[in-house]
Amino acid sequence: MIKVVLIGSGNVAQHLIQVLLQAKEVDLVQAFARNPSHLSYLLPATKITADYQKITEADLYIISVSDNAITEVSAQLPFENRLVVHTSGSSDISVLNDKNRKGVFYPLQTFTKGKEIDFAPIPICLEAEKESDYQILEKLGNCISQKVVHISSEQRKSLHVAAVFVCNFVNHLYQIGNEICKENNVPFEVLHPLIQETAHKIMELSPKEAQTGPALRNDTKTIEKHLDFLENPEYKNLYQLLTQSIQHVKKL
């Protein structure tokens, strides 16, 4: 059994607690939260602490807090030479305090509070300074996921930037599409099959091969009609930027 203490109470922390509780070879011995009530629906009060001095001994300590807080939290841990990891996609392994052994346990997925998620297909990106520590992380990763990969800090940064484009930015475009539909009394659900097919296509084709639309065709009349239709100057500007970008990629 791998004894784990999880430090944090946000979206990622809560999802990790749920999946670790289900893993047969994992013993989630404790969770740390500044506000224990955030985790009270997941764990009994005896397994939650808000006092750094009461953090129990374990094989692994997973810090799942905001990127800005990782360094401070790792510095406040009241022990030395234990394996401490963070779950951040954009933070280097070096942000962890030097008094403990360092690693990264980064699940590459978008997490939303209250929405259940299957960890099995989620890539778990690992990094550790020592091979023996990496083996512990690999064992834990294999307990919850079917895809565990070694990713360096530099590679993880590039993955996180790419993830922002394909997830966060795309979702923002969904929001814009939703607003346009609402303003014109059209149900956004009409676009669901299109959204699904667009996502499914890139499982078989490269994004460049899957690209369609007026920008790719250089359909200037349709593009002009769309720009005339858009009254929001930010959306109009975004439409123009994305159109230019698509046309630029086509030429490459």
Side-chain angles (χ1 to χ4, degrees), residues 1-66 69-70 73-89 91 93 96-97 99-109 111 113-151:
M1 297 285 284
I2 304 174
K3 292 185 177 181
V4 177
V5 170
L6 195 137
I7 301 167
S9 59
N11 286 336
V12 177
Q14 291 185 30
H15 279 88
L16 279 173
I17 287 173
Q18 292 178 68
V19 72
L20 291 176
L21 286 172
Q22 297 171 7
K24 294 180 180 179
E25 296 183 36
V26 178
D27 182 8
L28 183 63
V29 294
Q30 189 184 55
F32 174 93
R34 290 179 178 174
N35 188 340
S37 65
H38 291 170
L39 302 180
S40 60
Y41 77 102
L42 293 172
L43 295 167
T46 54
K47 280 200 169 188
I48 308 172
T49 184
D51 185 349
Y52 282 105
Q53 299 303 318
K54 292 182 179 180
I55 293 179
T56 191
E57 187 172 349
D59 301 311
L60 172 64
Y61 299 82
I62 301 177
I63 297 177
S64 186
V65 298
S66 66
I70 294 172
V73 170
S74 66
Q76 292 190 63
L77 297 177
F79 46 74
E80 296 180 2
N81 198 33
R82 299 185 191 176
L83 179 54
V84 177
V85 304
H86 68 65
T87 60
S88 169
S91 298
I93 193 173
L96 293 164
N97 191 278
K99 65 183 177 181
N100 284 296
R101 303 180 338 255
K102 305 176 185 179
V104 178
F105 191 88
Y106 169 50
L108 179 52
Q109 185 55 279
F111 296 96
K113 186 177 180 180
K115 186 181 184 304
E116 293 186 11
I117 196 162
D118 180 11
F119 265 78
I122 296 177
I124 307 295
C125 304
L126 306 179
E127 183 179 7
E129 294 181 319
K130 295 184 177 182
E131 178 59 29
S132 57
D133 290 338
Y134 184 86
Q135 291 174 2
I136 294 173
L137 298 181
E138 187 175 41
K139 182 178 179 181
L140 178 64
N142 285 327
C143 287
I144 64 174
S145 172
Q146 298 170 354
K147 190 172 183 61
V148 177
V149 292
H150 175 266
I151 299 289

Where [X] and [Y] come nearest, the two heavy atoms and their spacing:
X: V148; Y: G141; answer: CG2-C, 3.5 Å
X: S88; Y: Y106; answer: C-CD1, 3.9 Å
X: F79; Y: V84; answer: CE1-CG2, 4.1 Å
X: A75; Y: K99; answer: O-NZ, 2.7 Å

Notebook entry, point to check: So V85 and Y61, side-chain contact (heavy atoms from CB on, under 4.5 Å) or not? Walk me through it.
Noted result: CA-CA 6 Å; V85 304; Y61 299 82; over 6 Å; no
State, yes or no, whether a side-chain contact exists between [X] and [Y] at a heavy-atom distance under 4.5 Å.
X: I63; Y: L77; result: yes
X: L16; Y: F111; result: no
X: I62; Y: L140; result: yes
X: V26; Y: M1; result: no

side-chain contact (heavy atoms from CB on, under 4.5 Å) with L83: of L137, D59, N100, only one passes, and it is L137
The residue among T87, V12, I17 that forms side-chain contact (heavy atoms from CB on, under 4.5 Å) with L6 is I17
Only residue of K139, R82, R101 satisfying salt bridge (charged side-chain N to carboxylate O under 4.0 Å, His left out) with D133 is R101
Residue pairs passing the salt bridge (Lys or Arg N to Asp or Glu O under 4.0 Å) test with at least one member in residues 122-132, sequence neighbours excluded, are E127-R156
For residues 6-18, the salt bridge (Lys or Arg N to Asp or Glu O under 4.0 Å) pairs (sequence neighbours left out) are none
Could you tell me whether a side-chain N or O of Q109 sits under 3.5 Å from a main-chain N or O of I122, the two making a donor and an acceptor?
no
Note to self: Check whether K102 reaches the backbone of L96 with its side chain - one donor and one acceptor, N or O, closer than 3.5 Å.
What the structure shows: yes
Any chance you could measure [X], atom [atom1], to [Y], atom [atom2], to the nearest 0.5 Å?
X: I93; Y: I70; atom1: CD1; atom2: CD1; answer: 11.5 Å
X: K147; Y: C125; atom1: NZ; atom2: SG; answer: 9.0 Å
X: I136; Y: K3; atom1: CD1; atom2: NZ; answer: 13.0 Å

Please tabulate, one pair per line, all N/O donor-acceptor pairs under 3.5 Å involving side-chain atoms of residues 32-48, not counting sequence neighbours.
unit_1: N35; atom_1: OD1; unit_2: S37; atom_2: N; d: 3.2
unit_1: N35; atom_1: OD1; unit_2: S37; atom_2: OG; d: 2.5
unit_1: N35; atom_1: ND2; unit_2: H38; atom_2: NE2; d: 3.4
unit_1: S40; atom_1: OG; unit_2: S37; atom_2: O; d: 2.9
unit_1: Y41; atom_1: OH; unit_2: Q14; atom_2: OE1; d: 2.5
unit_1: K47; atom_1: NZ; unit_2: L28; atom_2: O; d: 3.0

Donor-acceptor pairs under 3.5 angstrom involving side-chain atoms of residues 113-121: please list them, not counting sequence neighbours.
unit_1: D118; atom_1: OD1; unit_2: A120; atom_2: N; d: 3.0

Here the side chain to side chain donor-acceptor pair (under 3.5 Å) pairs for residues 18-29, sequence neighbours left out, are none
Taken in chain and number order and not counting sequence neighbours, the residues that satisfy side chain to side chain donor-acceptor pair (under 3.5 Å) with S9 are none
